[in-house]
Number of protein chains: 4
Amino acid sequence: MTTPVRTQRADATRNRELLLAAAEQEFAEKGLEASVADIARRAGVAKGTIFRHFATKEDLIAAIVGGHFANLTAVARELLEADEPGAALLELLTVTADNLQQKDLTFLQSVTAQDSQVIALRDELYEAISALVERARTAGAVRPDLTGTDVFVLMCTPVHAVGFLSDPAPDVWRRYLALIFDGFRPEGATPLPRPAPNWP
Amino acid sequence: MTTPVRTQRADATRNRELLLAAAEQEFAEKGLEASVADIARRAGVAKGTIFRHFATKEDLIAAIVGGHFANLTAVARELLEADEPGAALLELLTVTADNLQQKDLTFLQSVTAQDSQVIALRDELYEAISALVERARTAGAVRPDLTGTDVFVLMCTPVHAVGFLSDPAPDVWRRYLALIFDGFRPEGATPLPRPAPNWP
Amino acid sequence: MTTPVRTQRADATRNRELLLAAAEQEFAEKGLEASVADIARRAGVAKGTIFRHFATKEDLIAAIVGGHFANLTAVARELLEADEPGAALLELLTVTADNLQQKDLTFLQSVTAQDSQVIALRDELYEAISALVERARTAGAVRPDLTGTDVFVLMCTPVHAVGFLSDPAPDVWRRYLALIFDGFRPEGATPLPRPAPNWP
Amino acid sequence: MTTPVRTQRADATRNRELLLAAAEQEFAEKGLEASVADIARRAGVAKGTIFRHFATKEDLIAAIVGGHFANLTAVARELLEADEPGAALLELLTVTADNLQQKDLTFLQSVTAQDSQVIALRDELYEAISALVERARTAGAVRPDLTGTDVFVLMCTPVHAVGFLSDPAPDVWRRYLALIFDGFRPEGATPLPRPAPNWP
DNA sequence: AATGAATGAGGATTCATTCAT
DNA sequence: AATGAATGAATCCTCATTCAT
C-alpha cells in the first residue's frame, strides 16, 4: 500500500535514468561541450528537469563517472573469486576496454577530479584492482614489480590507442590490450627505471 | 627599399611565433576551452591580429598540431641513422613522452582530424616511425608482429597514463614507457588476437 | 463528525500562518527575490502547498502587506483613546518604526500597489492616522498645516534613513523620528511651499 | 592628427554614455530586475557590447551609482562658496530631491554596498555635505546637534515619502523637504534621544 | 597590418507555476 | 489537501568572429 509514494518516485527514477543515458550519449558524441539543453532534449524532458535531478552540470557528470567506477568495482570484486588470478586480471581489463570502446567517457574525469564522492568510488575501484593484481602477482601471472596503480593508470590505454585511428575495426583494442598485457608478464621483463607511484 | 617590407614580414613572422607559443601555453593550461582572447592577451597582440594569421581558431590549432608532428618527424628521421635500431625506437618514444610531459596538446588532435595539412604531416610522421619500427624488427629488437601503426597509436600512452595520478613525479612516465616497451620485445610475446590495423 | 473537518481547517490555518511567517523572514532577509521554494522550505511545507494558500506569489505578498496594515490600524485606533493626542501620534510613529526596524517589508508594497484588498486596508490605516493627526492638530500638538497624508508618507522615514548606514545601532531610528517629529511641531514652523496632496 | 585614435574612442565613449542612459531609464522603470538585454536594446547596441563596457551587471550599476554621487559632490562643493550657509544646505537638498524625483535610483545602492569605488565616491559626498552642514551650524542656520551624517541619511527622504502616493503632483516633494528642513532648524528643537551615528 | 569595438548565437542556471499522484 | 516532479521562459554572461578605423 506504499505504492502511491513509490509510483511517483518511479517516474522520477525513470527520468533520472533517461537523463543519465542521454547525457552519456551526448557526452560520448560531442565531448564535454555537450549542452545541457541537448541532453534534456535527447532524454525527452524539459531543460529544468535536469537541474532537479542534478543541481549542476558537474553533478551530472559526477553521477556518470561515479556510476562507471561503481560498475567496474563490482566486476573487479566478482573476479576476485575467479580461479585463475592472471586470467581474472586480464578479464577485468577486457571488460573495461569493452565498456570504453562502446562509450568512452574518460575525459569526464577531468571535471570530477575534486569531487569527494567520485574520489571515494574511484578509490574503491583502486582497492579492488590492487587486490586483483596482488593475487596475480602471488600466482606468478604478472611481473613482481607490477602494482595496482600501474594497472589502474594503464587500464584505458588500449581503447585510447585505438582512438588515434580514423575508422578502426570495433575490436582492435584487443590487439593493444594483448600487447600491453604482454608487458605485464614476468617473461622478458626488464627492470623498471622508476618506482611505482603512490596512490593519490 | 626592400627593407621596410622585410621588416614588416619579420614582424609578422615574429607575431606568428608569439601567437603559436602563447596558444600552446594557454591550451596546455586550460584545454580546448582556452579562449582566443586569452591567447591574444598572452601573446601581447590584439584579438583581431590573431585572425589575420589564422582565419579560424581551428586553423590556429591545426598549425600547432602540425608543428608538433613536423618536429617529431624530424627527430624520427634523424634516428633512422642511429646505430642500434631498438635503442633508436626507444629514443623516439622517450623524446615524444618528454615533450608531452611538458606540454600535452594531444587533445587538440580531435579538432584537426579532418584538416588535410595536418593529415599530411601526420602521415609523414607515420612513415618515419614505420621505417624505424621496420629496422628494429629486422634487427630482432622488437617482436615480429609489431607495426608502425602499433607504435604510433601507443606513443602517447605513457604520459596519458600518468595523467590519472593527482600529483605525479615529473618522470613517472619513464616507468610506463618501459613497461609498454617490454610489451614490444620479442621475449615473452604471445600471439596477438587481432591483425594490426591499416593506416587510415 | 465535524471534528475531522475542523482538524483539517485548523491544519490549513496553521499552515497559512507558518507560510506567512516564513515568507516574512525570507523577504526580510533576501528582498523581493526571495524564492517561493525557499519560503516553502522554511515553512516546512511542499512548494505546491504554498500555491493552494496563495494562488500567486503576489497574493502571498498582498497577504503580508495587508496584515501589517491591519496591525498598525489596530494600534492607531487604540491610540485614538489616549489622553494626550500629541504623545499618541508620536507613539504610533514609534510603534511603526519599531516594527520596521525589526523587519522592514516596505518594499513589498511596490508589488501590491494595485491590489484592491491591500488598498482597502491601507485606506483604513490612513483614516485612523488622519483621525489621530486631527486630534493632535486640534490640541495644538502639531502644526496646523500637517495632514494625515503627510504623516502617512513620512512614517517609514526614520527607519529608512537608518538604512543608509552600514552598521547602525539598533535604535538610531529614535534620533531620526525625533528630528522629523520636531518638524511636525508648531514651534518654528515655516509656511509649506505646496499644499498637502490628496489621499490617492 | 591623433584624431583616428580618438575617433574610435569617441564611438566607444558614445556607446558607454548611451548604455548608462539606457540603463538608468530601464532601472528607473523596472527596478533592479531590469534585464541587461533590455538595456542593450534600449541603447541600440548588441547584448555583448554591454559586457565590453561593464564586465558585470553589478559593474554597470556601480558606474551609475558612482556617477550620481560624483555629480552631487560637485554641486555640494560649489555650494560651499555660497553666501548664505543655511540656504546653501537647503539648495543641496533641493537639487538632490529634484534629481531623485526625475529618476530615483536609490535602490541601486543596495547592490553596490561593497564596491570600493562607489564607497570612495560616497565618502567624498559625505565630506562635502559635512562641510556644508558645519558651515550652516556655525552660522546658526541649523540646530547645533545636526551632523553631516544626519543630513546624508535624510537626504532622499522627501522623494521617498512621495513614493507612497499613487499619482503625486511632480513637486510635492518640496512640501516634505520643507517639513523635514523645519526639523533641522534651531527653533523649536527638542533634545535628540540618541547621539548621531558615526559615519560608516 | 594592427587594433579593439561590436556582434549575436549559445550556454548554464533559476524560478514561478502547473499537474499527476 | 498535500506533495514534489516537471515545465519552459527568462536571466546573466562568454566567445569566436567581423569590421570600421
Side-chain angles (χ1 to χ4, degrees), chain A residues 3-16 33-40 44-58 60, chain B residues 5 7-9 11-12 15 33-41 45-60, chain C residues 4-5 7-9 11-12 15 33-41 45-58 60, chain D residues 3-16 33-40 44-58 60:
Chain A
T3 326
V5 174
R6 268 184 202 153
T7 309
Q8 187 128 50
R9 255 189 208 153
D11 259 35
T13 305
R14 196 180 130 64
N15 270 347
R16 203 189 130 95
E33 292 84 23
S35 84
V36 173
D38 285 349
I39 293 170
V45 305
K47 223 185 327 181
T49 302
I50 215 166
F51 290 100
R52 150 164 289 276
H53 289 274
F54 308 98
T56 284
K57 192 183 182 183
E58 258 191 60
L60 168 58
Chain B
V5 175
T7 307
Q8 281 176 355
R9 267 189 196 151
D11 263 29
N15 268 351
E33 293 84 23
S35 80
V36 173
D38 284 350
I39 293 170
R41 193 171 311 126
V45 306
K47 216 183 341 177
T49 303
I50 220 167
F51 288 98
R52 169 165 303 278
H53 289 276
F54 308 97
T56 285
K57 193 183 183 184
E58 261 192 54
D59 286 359
L60 168 58
Chain C
V5 174
T7 307
Q8 281 176 0
R9 266 192 199 151
D11 264 28
N15 267 352
E33 293 83 22
S35 81
V36 174
D38 284 351
I39 293 170
R41 193 171 311 127
V45 306
K47 217 185 337 180
T49 303
I50 219 167
F51 287 98
R52 170 166 302 278
H53 290 276
F54 308 96
T56 284
K57 193 184 184 183
E58 260 191 57
L60 168 58
Chain D
T3 326
V5 175
R6 266 181 202 158
T7 309
Q8 188 127 48
R9 255 185 207 156
D11 259 35
T13 306
R14 197 179 129 65
N15 269 347
R16 204 190 129 95
E33 292 85 23
S35 84
V36 173
D38 284 350
I39 293 171
V45 305
K47 221 182 333 178
T49 302
I50 215 167
F51 290 101
R52 150 164 290 277
H53 290 274
F54 308 97
T56 284
K57 192 184 183 182
E58 259 192 59
L60 169 58

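All chains are named by letter (A, B, ...) in the order of the sequence lines, taking the proteins before the strands, and each is independently numbered beginning at 1. Values reported hereafter were calculated over all heavy atoms of this structure, with side chains retained and with hydrogens, waters and symmetry mates removed.
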* Asked: Within the side chain of B:Thr56, is there an N or O that forms a donor-acceptor pair under 3.5 Å with the backbone of B:Asp59?
  ->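 Looks like no, no N/O pair under 3.5 Å.
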
Using whole Å, report how far [atom1] of [X] lies from [atom2] of [N].
X	N	atom1	atom2	result
C:Phe51	E:dA20	CZ	P	17 Å
D:Arg16	E:dA6	CZ	P	12 Å
B:Glu58	F:dC15	CD	C1'	15 Å
C:Arg52	F:dA2	CZ	P	6 Å
C:Arg41	E:dT14	CZ	C1'	12 Å
C:Leu60	E:dC15	CG	P	16 Å
B:Glu33	E:dG11	CD	P	13 Å
C:Phe54	E:dT17	CZ	C1'	16 Å

* To do: Please check the phosphate of E:dA6 (OP1 and OP2 only) for any side-chain N or O of D:His53 closer than 4.0 Å.
  => yes

* **Under 4.0 angstrom between C:Asn15 side-chain N/O and F:dA1 OP1 or OP2** =>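 For F:dA1, OP1/OP2 do not have a side-chain N/O of C:Asn15 under 4.0 Å.
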
* **Beyond-backbone contact of C:Arg41 with C:Lys47, side-chain heavy atoms, under 4.5 angstrom** => no

* Can you tell if the side chain of A:Leu60 reaches within under 4.5 Å of the side chain of A:Val36, non-hydrogen atoms only? -> no

* **First encountered from the 5' end of DNA chain E, between D:Gly48 and A:Ile50** => D:Gly48

* Please tell me which of A:Thr56 and D:Lys47 maps to the more 5' nucleotide of DNA chain E, matching each residue to the nucleotide holding its nearest heavy atom. =>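 Looking at the nearest nucleotide for each, D:Lys47 comes out on the 5' side.
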
In Å and rounded to the nearest 0.5 Å, what is the [atom1] to [atom2] distance from [X] to [Y]?
X	Y	atom1	atom2	value
D:Ile50	D:Ile39	CD1	CD1	5.0 Å
C:Asn15	C:Arg52	CG	CZ	11.0 Å
A:Thr49	A:Phe54	OG1	CZ	11.5 Å

* Asked: B:Ala34 near the nucleic acid: base, sugar-phosphate alone, or nothing, with a heavy-atom cut-off under 4.0 Å?
  -> sugar-phosphate

* Asked: Which part of the nucleic acid, if any, lies within contact of A:Thr49, taking any heavy atom under 4.0 Å across all strands shown: a base, the sugar-phosphate backbone alone, or nothing?
  ->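 Base contact - A:Thr49 has a heavy atom under 4.0 Å of at least one base atom.
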
* To do: Identify, between D:Asp38 and A:Val45, the residue whose nearest nucleotide on DNA chain F lies closer to the 5' end.
  => A:Val45

* Identify, between B:Ser35 and C:Ala46, the residue whose nearest nucleotide on DNA chain F lies closer to the 5' end. =>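 Taking each residue's closest nucleotide, the earlier one in sequence belongs to C:Ala46.
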
* Identified stems (criterion: three or more consecutive Watson-Crick or G-U pairs, under 3.5 Å), DNA chain E ->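 The stems that DNA chain E takes part in, listed by first number, are E:2-21 with F:2-21.
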
* CD (D:Glu58) with more than 12 external heavy atoms under 6.0 Å ->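 No - once you tally the heavy atoms of other residues, nucleotides and ligands closer than 6.0 Å, there are 12 at most.
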
